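Below: the structure, in structure tokens.
Here the structure is a predicted model, which is why all the values come from computation and not from measurement. Proteins get letters first, then strands, A, B, ... in listed order; numbering begins at 1 in each.
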Amino acid sequence: EAGVAQSPRYKIIEKRQSVAFWCNPISGHATLYWYQQILGQGPKLLIQFQNNGVVDDSQLPKDRFSAERLKGVDSTLKIQPAKLEDSAVYLCASSSGLPGLATNEKLFFGSGTQLSVL
Amino acid sequence: AQSVTQLDSHVSVSEGTPVLLRCNYSSSYSPSLFWYVQHPNKGLQLLLKYTSAATLVKGINGFEAEFKKSETSFHLTKPSAHMSDAAEYFCVVIRSPGKLTFGTGTRLTIIP
């Protein structure tokens, strides 16, 4: 089966510029996640979608980050304006899980977008 | 709150020797624990998962992990390291469906 697709693979911008990342999950997967992985750290959940609705965005810096999944399939994550500390790999993941399923639901990750803010 | 602590940020072993990557967890109840592997420029891949069915869990590529409640540990092991095992390994606890809390990672280096 096709995996989780992300683009671009790399992005270099200057601080205060805006940037957008795209993710296409595995076909049929209802749940989509965006994670931020800063160098030397484990990934941290930014936002979780269930179909086209937000389930959890408690860790999303909403003053500069936004995300949408309008048709319940692919998703975009935007940063505007970017700061130096936003330099990280942004990972998209998906799962077939629905609310109430077991906590051992498997997530499938994309290869990520590596963002460098100069 | 549930969390995991990976005790080593970097582990180096010679090819053909055993691998031990250590992880301790903190949880007020029986947790769901995973190990993920991240090869350079590739997505995170699930190695194995513990869901209370058996304390010794076998995963892909010859890896296994043992859940020890008395020690609050979930260490990852492999009897014989291969060059292709060089990667970053993450211990993960599940807070709720789909909500993963990652450890800080252990970088495994294999010495030829």
When hydrophobic residues are tied together by side-chain contacts of less than 4.5 Å, even through go-betweens, does A:Leu32 share a cluster with B:Phe102? no

Segment of B:Leu44 engaging chain A (4.5 angstrom heavy-atom cut-off): both

For B:Lys58, does the NZ atom have more than 12 heavy-atom neighbours from other residues, nucleotides or ligands under 6.0 Å away? no

Around atom CG of B:Leu20, are there more than 12 heavy atoms from other residues, nucleotides or ligands closer than 6.0 Å? yes

From A:Ser111 OG over to B:Gln38 CD, what is the distance, rounded to the nearest 0.5 angstrom? 9.5 Å

Do A:Ile79 and A:Leu46 sit in one hydrophobic cluster, given that two such residues count as connected whenever their side-chain heavy atoms are within less than 4.5 Å of each other, even indirectly? yes

Which value, rounded to the nearest 0.5 Å, describes the distance between B:Gln45 atom CD and A:Phe109 atom CZ? 12.0 Å

Tell me whether the count of non-hydrogen atoms from other residues, nucleotides or ligands lying under 6.0 Å of CG in A:Leu39 goes above 12. no

Rounded to the nearest 0.5 Å, how far apart are OH of B:Tyr36 and CG of A:Leu107? 5.0 Å

Closest approach of B:Phe90 to A:Pro43 (non-hydrogen atoms, all atoms of both residues): CE2-CD, 4.0 Å

Using the rule given for side-chain contact (heavy atoms from CB on, under 4.5 Å), can you reason through B:Leu100 versus A:Tyr35, listing the C-alpha separation, both sets of side-chain angles and the distance that settles it, and then say yes or no? CA-CA 10 Å; B:Leu100 283 64; A:Tyr35 281 82; 3.5 Å; yes

A:Arg9, CZ atom: more than 12 neighbouring heavy atoms under 6.0 Å: yes

Heavy-atom cut-off 4.5 Å, strictly under: side chain, backbone, both or neither for B:Glu88 against chain A? neither

Checking heavy atoms, do the side chain of A:Gln37, its backbone, both or neither come under 4.5 Å from chain B? side chain

